[in-house]
Chemist: 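Before I ask anything, here is the structure I am working with.
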Amino acid sequence: MSEPKKKKTIKRIIIDVDKCNGCQGCEVICSAFHATPQYSSNNPERSRIRVIRDPLADIYIPVYAGEYTAAECAGRDKYMIDGKEYEECAFCRASCPSRDAFKEPDSGLPLKCDMCESDPTLDEPMCVQWCLAGALVFDVREEEVEEEEQEPEELDLGIEALANRHGWETVLAAVSRLSKKDD
Amino acid sequence: MRYAETGFNLEIDLTRGNIERVATDPELTKLHLGGLGTNAKLFWDRVGPEVSHFDPENLLIFGTGLLVGTPAPSSNRTVVSSISPQTRLFAFSIMGGFFGPELKRAGYDKIILRGKSEKMVYLWIHDGKVELRDGEHLRGLGSLETAEAVRMELEEPNAAVSSIGLAGENRVFFASIEQGRSSASRLGLGAVMGDKNVKAIAVRGTKDIQISDPMAFMKLCNESLHYIKEREKNPVKGVMPILAGLGSPQEMAVDDEKWHTENFMWGNARTRRKGFWTEDIAEQWSHTMHTMRTRLLSCYNCPMKCGAAISVDSRLCSYMMKCFSKLTYTMGAFADLDFGLRIAQKATEHGVDAFSAPQTMAFAIELLEDGILPASEFPGMPEDSEGRFYWLLDKIVRREGIGDVLADGTHWAAERIGNGAQAYAHNNIKKTEQLPLKLGMLNHMYFLMYSTGEKVNITQIEGNFPQAPFMTREENEEFTKDWPHVPDDRFKRWFEDWELRGENSIPNYPHTEAACEIVNWQEQMHYIDDSIGLCAGLSSFPLKPPFHIHNIPTLISAGAGLEMDEETLKFVTRRNRDLVRANNIRRGMRREDEKPPEDHWKRRFPELEEQLLTDYYLFKGWNEDGIPTEESLRELGLDYVAEEFLETGILKAGGAAAAATGGAS
């Protein structure tokens, strides 16, 4: 019989853009929660969730801050949905050089949503607690993760392929030369 | 360190193009809080009775409430103050939306405009950078068009913009200042902005707003949200749907308009249409709402959804609407809801008040029909009612032909027209058009509120006490069971004993002392909101709101770091109330100005009403002419008002003896 499967906790915020009515309460409470000392100030510019608002276009999209990226994508996307024209990269979570979103206004350092990680743990992130409109709904589920067999990693396979073609000596010399160049 | 407020005002001299950032005195915050309170103080200090509405010396102040921009739900209100072209008195008109918090984050509590610009300009405030920019190219644009044009030009899609349309530019006496989701509509402050040649104010702020005692403040905020959630699940039973929940009347969410369409008056506030609300109408109007209302909308940091995006053409949202403006055009023109929502789009772009504009147009139609205005004054006006309203709106906002006369509102237009037209301007208080409501039996508490309100708008005075008792005493008692909002338990007894008919019914019960207390409490709550910037919709307007006299003091002390308890808050509010009144007394307002429309109730009681008004004045610490007494003014620390009143003969030395000591707390 197989070993008991590993479990991974998936935290999720379900964003119902049809229910958002643009109050920015999520931004207020996010920035207040993350202020030091906690709640001593608020400023939506520091929030890790931003509502992209364009009232005349009927656009209200809460977007969470994701990973920092040093370089912007090679190209940009622009969505059109039901006749609504969303701004460039509207749905992207990255703190990215291409835009101002998700950066500390003073330092420019990237902001990232941490799901209000704190001690003691909150039942729900603050933005969800403050969204009485129900546009933000929190759920947690556990996913079983397959114990993967020790399959050769992609890199191993690649290097093996190179050695088969050029011989180990040549490949090692090339690696050594290139790694010195990087210093 | 200043908490909740920034401690700075922007002083803009439009005549000279001078801009200054001025530190404010923290003592004034203690004395008057912010918003309406400090606006009234600035007017007292700087705008004497000799200054009239379109003089350069008139100020136009955009003042944020003390707690605006803090996490307190709904603390987003901006109080716009000026001398009104309609009332010629100190006016305040309040807007929610997004402007106030943005201004606070830019680092300012108020914008104070004085003088007049030679050319059309707009003001751009971006944190520390403030400039007057050329606005000539915006001339003639609608209010929302202007806001969009300014955001594009500045490349600031997130700037909050307050702007005027054609009506403001042409100094229509009931022109509004529009802000997209919200507006400062009453009393013609858009005309003052137009007179000063300011087309728009755009603000973008990126700074922090500080809280004095974060944990205590957040505890209250979280409790209020929890309360709102529960309260929304448990609407007050036995009252009409728009009054059962929180927020401003839920006109955007509720389709059933039987109550308004059959009880409020149509046309020039005269015609009641019993039996109007048929199944066919209900179906047709619901269809209109469901096709044209694309989304319910909130103001900044508020969980209520009192506004709506309305779509009248292919655009996704043509404009944003709220509250009773849904019905005013429809009922003024005897038309359907589809018409009402369509013309309101044009009216919002032009920037006019949705009470006064349709009332003035209906007034014009009546004058035409009754031969007081000749048909020759209406060249080319269509025959149908809807076409006439579009035609009249256009003439008014351009001040063309008869539109120039009508643009002064019903009171001043009637004065210009003469020929008996005054009798047609019948629905005014202090020269300003009111809700088209005509009732049977005098409600003595509403008599006092209508008479003495200086916002000149009943919804800004009424609120926390139910408009009528329930059918039975048991229901009254059920209501008072969970009613901690009252200042003290006497209010519960008064309500429990109140009856629809019989000895304990209006206009004799609640008896005078109770009536004074009830009116005073309701007004007090509005004055608190208007100084700290909470929306009436979560405090002074609905039944059983989350914010009330017992928790607001903590909100102020924890938020702004002021020492505050209930007694102090009541005292400060009395001071603000009397300072607003002092501004108007100095401008000539007296007892004879304080009366509801003659026809507001069918059954009137002239002697009782006179006695009530006197008793209420004395209760408030005012003399029989409605002037705050010397003693009362000195008690409130308004000695400078007392001294001016004595010097100018408004008060006679020792005259205070006529008034009992102020009983209002």
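All values below come from the heavy atoms of this structure, side chains included, with hydrogens, waters and symmetry mates left out.
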Chemist: Between the side chains of B:Lys346 and B:Glu349, is the shortest nitrogen-to-carboxylate-oxygen separation below 4.0 Å, so that they form an ion pair?
Modeler: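 Result for this pair is no, no salt bridge flagged.
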Chemist: Return the option, out of B:Lys207, B:Lys229, B:Arg181, with the maximum number of heavy-atom pairs under 4.5 Å with chain A.
Modeler: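 Option with the greatest count: B:Lys207.
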Chemist: Heavy-atom cut-off 4.5 Å, strictly under: side chain, backbone, both or neither for B:Lys305 against chain A?
Modeler: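 Only the side chain of B:Lys305 comes within 4.5 Å of chain A.
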Chemist: Can you name the closest pair of heavy atoms from B:Asp127 and B:Tyr108 and give their distance?
Modeler: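 Looks like O-OH, 2.9 Å.
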Chemist: Of all heavy-atom pairs between B:Leu297 and A:Asn21, which one has the smallest distance, and what is that distance?
Modeler: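 What the structure gives for the nearest pair is CA-CB, 3.8 Å.
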Chemist: Heavy-atom distances under 4.5 Å only: say whether B:Phe98 touches chain A with side chain, backbone, both or neither.
Modeler: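 Only the side chain of B:Phe98 comes within 4.5 Å of chain A.
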Chemist: Where does B:Ser311 contact chain A at under 4.5 Å (heavy atoms): side chain, backbone, both or neither?
Modeler: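 For B:Ser311, there is no contact with chain A at all, as no heavy atom is under 4.5 Å.
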Chemist: Please state whether the side chain, the backbone, both or neither of B:Glu148 comes within less than 4.5 Å of a heavy atom of chain A.
Modeler: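 Side chain only.
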Chemist: When heavy-atom pairs shorter than 4.5 Å are enumerated against chain A, which of B:Pro303, B:Pro71, B:Gly205 gives the highest number?
Modeler: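 Highest number of pairs under 4.5 Å: B:Pro71.
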Chemist: What is the distance from atom OH of A:Tyr79 to atom SG of A:Cys89, rounded to the nearest 0.5 Å?
Modeler: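 These two atoms lie 10.0 Å from each other.
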Chemist: Pick from B:Asp208, B:Ile211, B:Thr70, B:Thr294: which one has the most heavy-atom pairs with chain A under 4.5 Å?
Modeler: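 Greatest number of close heavy-atom pairs with chain A: B:Asp208.
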Chemist: I'd like a table of donor-acceptor pairs (distance under 3.5 Å, sequence neighbours excluded) in which one partner is a side-chain atom from residues 101-117 of chain A, with atom names and distances.
Modeler:
from     : atom 1 : to       : atom 2 : distance (Å)
A:Lys103 : NZ     : A:Cys96  : O      : 2.8
A:Lys103 : NZ     : A:Arg99  : O      : 2.5
A:Glu104 : OE1    : A:Arg46  : NH1    : 2.5
A:Asp106 : OD2    : A:Arg46  : NH1    : 3.1
A:Asp106 : OD2    : A:Arg46  : NH2    : 2.9
A:Ser107 : OG     : A:Leu109 : N      : 3.2
A:Lys112 : NZ     : A:Glu67  : OE2    : 2.6
A:Asp114 : OD1    : A:His34  : NE2    : 3.0
A:Asp114 : OD1    : A:Cys116 : N      : 2.9
A:Asp114 : OD2    : A:His34  : NE2    : 3.4

Chemist: Among the options B:Leu144, B:Ile228, B:Asn222, pick out the one with the most heavy-atom pairs lying under 4.5 Å from chain A.
Modeler: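 Top option by heavy-atom pairs under 4.5 Å: B:Asn222.
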Chemist: A:Trp130 and B:Asn301: side-chain donor and acceptor closer than 3.5 Å?
Modeler: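 The answer is no; no qualifying pair exists.
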Chemist: Top residue by heavy-atom pair count (under 4.5 Å) with chain A, among B:Glu232, B:His226, B:Arg204, B:Met304?
Modeler: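 Of the candidates given, the most pairs with chain A belong to B:Arg204.
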Chemist: Would you say CG of B:Asp313 has more than 12 non-hydrogen atoms from neighbouring residues, nucleotides or ligands within 6.0 angstrom?
Modeler: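 More than 12 within 6.0 Å, yes.
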Chemist: Return the set of residues passing side-chain hydrogen bond (donor to acceptor under 3.5 Å, both in side chains) with B:Glu230 (not counting sequence neighbours), or none when no residue passes.
Modeler: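 Result, side-chain hydrogen bond (donor to acceptor under 3.5 Å, both in side chains) vs B:Glu230: B:Lys233.
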Chemist: Which bit of B:Ser318 comes within less than 4.5 Å of chain A, counting heavy atoms only: side chain, backbone, both or neither?
Modeler: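 For B:Ser318, the contact with chain A is made by the backbone alone.
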Chemist: Given heavy-atom pairs under 4.5 angstrom as the criterion, report whether the side chain, backbone, both or neither of A:Glu27 touches chain B.
Modeler: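 Interface part for A:Glu27: neither.
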Chemist: When you check the gap from the basic side-chain N to the acidic O, do B:Arg151 and B:Glu155 get nearer than 4.0 Å?
Modeler: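 No.
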Chemist: Can you tell which of A:Cys26, A:Gly25, A:Ser41 has the highest number of heavy-atom pairs within less than 4.5 Å of chain B?
Modeler: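 Most heavy-atom pairs under 4.5 Å with chain B: A:Ser41.
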Chemist: Below 4.5 Å, heavy-atom pairs only: which of A:Gly83, A:Pro44, A:Pro37 has the largest tally toward chain B?
Modeler: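 The residue among A:Gly83, A:Pro44, A:Pro37 with the greatest pair count is A:Pro44.
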Chemist: For B:Leu296, is it the side chain, the backbone, both or neither that has a heavy atom under 4.5 Å from a heavy atom of chain A?
Modeler: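 Only the backbone of B:Leu296 comes within 4.5 Å of chain A.
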Chemist: Step through the shown structure and confirm whether more than 12 heavy atoms of other residues, nucleotides or ligands are within 6.0 Å of CZ on A:Arg165.
Modeler: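 Atom CZ in A:Arg165 is not packed in, count stays at 12 or less.
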Chemist: Return the set of residues passing side-chain hydrogen bond (donor to acceptor under 3.5 Å, both in side chains) with A:Glu160 (not counting sequence neighbours), or none when no residue passes.
Modeler: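 With sequence neighbours excluded, A:Glu160 shows a side-chain hydrogen bond (donor to acceptor under 3.5 Å, both in side chains) to no residue whatsoever.
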Chemist: Could you go through the side chain to side chain donor-acceptor pair (under 3.5 Å) check for B:Thr206 and A:Glu45 one step at a time?
Modeler: CA-CA 6 Å; B:Thr206 63; A:Glu45 292 301 305; 5.6 Å; no
Chemist: Salt bridge check, A:Glu144 against A:Lys6: does any charged N sit closer than 4.0 Å to a carboxylate O?
Modeler: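 No, no charged N to carboxylate O under 4.0 Å.
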Chemist: Pick from B:Gln210, B:Met218, B:Arg295: which one has the most heavy-atom pairs with chain A under 4.5 Å?
Modeler: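 Heavy-atom pairs under 4.5 Å are most numerous for B:Arg295.
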Chemist: In residues 48-62 of chain A, which residues are in contact with chain B at a heavy-atom separation under 4.5 Å?
Modeler: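 Expected list: A:Arg53, A:Pro55, A:Leu56, A:Ala57, A:Asp58, A:Tyr60.
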